[in-house]
Every structure is written in structure tokens, then in C-alpha cells.
Enquirer: 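Just dropping this structure here.
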Amino acid sequence: MGDSSDSVSVDMESIYSGGKEYLVKTCYGAVSVTVVGDQDKPALITYPDLALNHMFCFQGLMFCPEACSLLLHNFCVYHISPPGHELGAAAICPDDPVLSADDLADQIAEVLNYFGLSAVMCMGVTAGAYILTLFAMKHRHRVHGLILISPICTAPCWTEWLYNKVMSNLVYFYGMCGVVKEFLLKRYFSKEVRGCSQVPESDLVQACKRSLEERQSSNVWRLLEAMNGRPDISEGLRKLKCRSLIFVGDRSPFHSEALHMTVKLDRRYSALVEVQSCGSMVTEEQPDAMLIPMEYFLMGYGMYRPSHFSVSPRSPLSPSCIAPELLSPESMGLKLKPIKTRISLEV
């Protein structure tokens with residue numbers, strides 16, 4: 001899929017400016033797609049978590065020079081925002097039907113048709129990971145592989161359903177109030193990053209709060225309702241034959257969900273990377289931890305990082321942290337099995 005002989009110049013100005021935005025009209029309504037990179041290259045589509053868009057959910061990963069170089073060397077990135085989650089979005093008309101998770105997955109197929117994309121690599125975080133996995137199950141021939149961060153695959157358990165219902169009511173009646181933002185921050189980040197009475201919250205959390213204030217609460221409510229009514233798709237996961245790479249923070253509230261999903265996937269085609277001392281949003285909290293596993297994962301597709309980038313000295317991973325079986329070439333190009341990363345907290 002990729003040519004390893006070409007180098008890529010990472011235009012950080014274009015990354016910061018967010019690429020070129022398209023408003024794609026589908027039978028489920030309009031959806032914003034931001035395109036970054038050369039559209040002649042293979043496509044990587046991203047889908048963020050609840051109440052976020054690519055400007056926050058994947059910003060940390062894209063601002064990591066080595067990871068950005070790896071991705072833009074091999075892909076054109078298509079950042080899909082959930083309906084009404086893009087910057088400056090207006091409130092969706094109250095008369096429009098609330099889309100289900102199935103509708104959101106089918107909407108992705110229409111986005112691919114708009115850009116003339118036959119098959120893509122997918123990267124999603126939690127709610128976005130669920131929607132992209134559902135899309136892969138419904139349109140198997142259109143997905144080369146899945147990179148999933150803190151994914152979910154079951155219907156909400158009773159406690160999650162109740163938690164989401166409380167948040168849904170708060171969003172509906174009070175908008176993006178302080179309690180809702182705290183609920184969402186616990187969903188995204190580890191306690192260490194969120195801070196406490198003795199430790200101030202990090203710049204990352206403060207930036208996330210500002211991002212949440214920009215969301216239209218009625219649009220967030222619609223996505224929350226879709227995810228709270230999602231069906232269990234775990235029994236269909238074993239039929240997926242595309243390769244899957246799963247990241248999850250060991251402090252994520254969805255840690256057990258990610259482990260369950262790994263068990264349900266065909267182990268010949270999947271790998272798990274547990275990132276220690278990290279919440280759900282590994283892309284923002286510890287993006288460096290994703291670099292080496294992604295690099296070896298993409299080798300199975302004949303994709304490589306440009307040679308002028310060496311292993312990041314800041315990366316908490318090194319090849320010695322990767323299970324030897326992950327590097328064994330087999331029918332996939334790589335054999336993937338559950339692995340763990342060990343992240344040092346020392347600066």
C-alpha cells in the first residue's frame with residue numbers, strides 16, 4: 001500500500017491549521033471531514049470520542065513529530081467529526097431524527113463514496129472506535145485495518161447506562177455545565193492528569209475544558225443517546241479478518257471492555273497494547289506510547305517511517321518492549337498477540 005522510498009516533509013503549519021475541511025452531505029445529514037495530507041496516498045480515517053473532534057482527540061498524536069511523520073508518509077488522513085461536533089457547528093435542527101450507532105456507521109460509507117475511497121485504515125477513540133468497528137463489520141471489504149483506542153464493543157452495562165442517562169439529562173437541561181465536563185474528563189483522562197486538591201489540573205485538561213465549552217450541547221446529547229442505545233457487537237468480532245491494534249490505558253474506565261474485545265477478536269489478527277498510568281485517550285495523554293506499536297503494525301502492510309527519523313528519545317517504548325511474537329513474519333506480515341507496555345513515570 002505504501003512506498004517506503006519516498007520521504008515526507010511534515011508541514012506542521014498545515015497540521016496546526018487543521019487541513020482542508022469539507023462538509024459532506026449524506027442521507028443522514030451533513031458531516032464535517034477535515035483532510036490532511038496527499039489525497040493520492042492510501043486513506044486513514046479517524047473518528048473521535050464523545051463531545052470531541054479531531055482538533056483535540058488526535059491533536060497530541062499528530063503533534064508528535066515521529067508519529068505524524070509515520071502517518072503522513074503513508075496516508076492521507078480524513079478526520080471525520082460526529083454530526084455537529086466540528087468547530088463552529090450550529091445546533092442540529094430539533095426536528096431531525098436522532099441517529100443510531102448503525103446510522104453513524106453507514107454515514108461513514110457515504111463519506112468514503114464522496115471521496116472515492118474504496119478501502120481505508122481506521123483509527124477511533126472509544127465511541128469512535130465502536131462506530132468504526134461497526135462500520136468494519138458491515139463493510140468488511142472497505143477496511144484494511146483497525147487502530148482502536150480504549151474501544152467498547154458491548155451494550156452499556158447497567159451502571160454505564162445509568163451514568164450516561166444522568167449525563168444525558170444534564171446535557172439536555174443544563175448544557176455543557178461543570179458537572180458534565182467533570183463526567184467527560186473522568187471518561188478521557190487518568191486521575192494524575194486531571195489533578196486533585198493538592199495537584200493542579202494539567203494544561204491538557206484545561207485545554208479540553210475549553211474545547212468542551214465550544215460544543216453545542218444538543219449535538220452532544222444526540223451522540224450520547226446513540227451510544228447509550230448501542231447494541232452488543234462482540235459476537236460478530238471474530239468474523240473480522242482485518243488486522244486490529246488496540247491501545248488502552250490501564251486507568252481507563254473502559255479497560256475491561258478493551259480486554260473483552262481482545263478476547264472476542266481473532267487473535268491471529270489482533271494485538272493489545274496496555275499503556276500504564278494512562279486514561280482512555282492515549283492519543284492525547286501518552287501519544288509517544290503509540291509510535292513503536294503502530295510502526296510494527298504498519299510494517300505488515302509494507303509501510304515504514306521515513307529513514308531520516310530515528311526512534312524517538314522521548315518515546316517510553318523501545319523494540320525490546322514489544323513481544324518477540326509481534327515481530328515474527330507470518331501470513332499477515334506480522335503475528336500479533338496481546339502485549340503490554342511499561343511506561344516509566346520518571347522524567
Side-chain angles (χ1 to χ4, degrees), residues 1-2 42-49 74-75 78 80 100-113 117-156 226-227 230-248 252 254-274 280 282-283 290 293-294 296-303 323 325-326 328-339:
M1 288 175 62
L44 167 69
I45 64 172
T46 72
Y47 210 104
D49 193 16
N74 294 292
F75 298 105
Y78 297 77
I80 303 175
S100 66
D102 265 303
D103 295 333
L104 294 170
D106 290 336
Q107 188 177 56
I108 293 173
E110 294 195 37
V111 170
L112 267 56
N113 294 340
L117 304 174
S118 57
V120 297
M121 185 73 70
C122 299
M123 179 186 292
V125 179
T126 310
Y130 176 92
I131 292 166
L132 289 177
T133 303
L134 183 57
F135 169 73
M137 294 172 65
K138 299 180 74 172
H139 305 273
R140 294 177 197 169
H141 63 289
R142 306 199 74 170
V143 176
H144 290 305
L146 294 167
I147 301 174
L148 307 174
I149 299 92
S150 303
I152 52 180
C153 64
T154 62
M227 294 312 299
R230 68 184 187 266
D232 187 333
I233 59 173
S234 55
E235 292 308 314
L237 292 174
R238 196 165 296 276
K239 297 178 182 178
L240 283 177
K241 299 305 177 185
C242 66
R243 309 173 200 182
S244 303
L245 177 61
I246 295 175
F247 293 92
V248 64
S252 167
F254 305 104
H255 181 262
S256 60
E257 278 269 351
L259 298 184
H260 172 76
M261 186 169 185
T262 304
V263 171
K264 292 296 183 178
L265 285 164
D266 191 326
R267 291 198 173 194
R268 295 173 297 171
Y269 306 113
S270 62
L272 171 69
V273 180
E274 294 182 74
S280 297
V282 183
T283 50
M290 299 179 64
M294 281 199 309
Y296 283 106
F297 179 73
L298 294 178
M299 280 184 184
Y301 297 89
M303 295 179 171
E325 293 86 346
L326 183 62
S328 302
E330 288 195 350
S331 59
M332 297 173 53
L334 296 173
K335 178 182 178 182
L336 304 179
K337 67 174 293 184
I339 57 176

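Numbering starts at 1 and runs along the sequence shown. Everything numeric in this text was worked out from a predicted model, so none of it was measured.
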Enquirer: Could you report the tightest heavy-atom contact between M261 and C153, atom names first, then the distance?
Expert: CB-SG, 3.8 Å

Enquirer: Using distance only, find each side-chain donor-acceptor pair of residues 120-130 under 3.5 Å and give its atom names and separation, not counting sequence neighbours.
Expert:
| from | atom 1 | to | atom 2 | distance (Å) |
| --- | --- | --- | --- | --- |
| T126 | OG1 | S150 | O | 3.1 |
| Y130 | OH | P231 | O | 2.6 |

Enquirer: Mind checking what makes salt bridge (charged side-chain N to carboxylate O under 4.0 Å, His left out) contact with R142, not counting sequence neighbours?
Expert: none

Enquirer: Check side chain to side chain donor-acceptor pair (under 3.5 Å) between T46 and all other residues, then give those that pass, not counting sequence neighbours.
Expert: H79

Enquirer: When rounded to the nearest 0.5 angstrom, what is the spacing between CZ in F247 and CD1 in I149?
Expert: 7.0 Å

Enquirer: Which residues pass the side-chain contact (heavy atoms from CB on, under 4.5 Å) test with S100, not counting sequence neighbours?
Expert: D102, D103

Enquirer: Before giving the answer on side chain to side chain contact (heavy atoms under 4.5 Å, CB included), spell out for L146 and C242 the whole-Å C-alpha distance, their side-chain angles and the decisive distance to 0.1 Å.
Expert: CA-CA 7 Å; L146 294 167; C242 66; 4.0 Å; yes

Enquirer: Looking at I131 and Y47, what are the two nearest heavy atoms and their distance?
Expert: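 The pair with the smallest heavy-atom distance is CD1-CE2, 3.7 Å.
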
Enquirer: According to side chain to side chain donor-acceptor pair (under 3.5 Å), who are the partners of S252, at least two apart in sequence or on a separate chain?
Expert: S280

Enquirer: Taking all atoms of both residues into account, what is the closest heavy-atom pair of K241 and D266, and its distance?
Expert: NZ-OD2, 3.4 Å

Enquirer: Pair M227, I152 - check side chain to side chain contact (heavy atoms under 4.5 Å, CB included), show working.
Expert: CA-CA 10 Å; M227 294 312 299; I152 52 180; 3.9 Å; yes

Enquirer: Grab the two heavy atoms, one from P293 and one from V273, that are nearest each other, plus how far apart they are.
Expert: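 P293 and V273 have their closest heavy atoms at CB-CG2, 4.0 Å.
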
Enquirer: Test R230 against L134 for side chain to side chain contact (heavy atoms under 4.5 Å, CB included), laying out the working first.
Expert: CA-CA 10 Å; R230 68 184 187 266; L134 183 57; over 6 Å; no

Enquirer: Please name the pair of heavy atoms, one in L265 and one in R238, separated by the smallest distance, quoted to 0.1 Å.
Expert: O-NH1, 3.8 Å

Enquirer: Shortest non-hydrogen contact from D232 to S234?
Expert: OD1-OG, 2.5 Å

Enquirer: CZ/F254 to OG1/T154 distance, rounded to the nearest 0.5 angstrom?
Expert: 10.0 Å

Enquirer: Check the pair N74, Y301 against side chain to side chain contact (heavy atoms under 4.5 Å, CB included), reporting the backbone distance first and the verdict last.
Expert: CA-CA 10 Å; N74 294 292; Y301 297 89; over 6 Å; no

Enquirer: Under the rule for ring-ring contact (aromatic ring centres under 6.0 Å, His included), what residues qualify as partners of F135, not counting sequence neighbours?
Expert: H139

Enquirer: Going from CD on E274 to NE2 on H255, what distance comes out if it is rounded to the nearest 0.5 angstrom?
Expert: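 Output value for this atom pair is 3.5 Å.
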
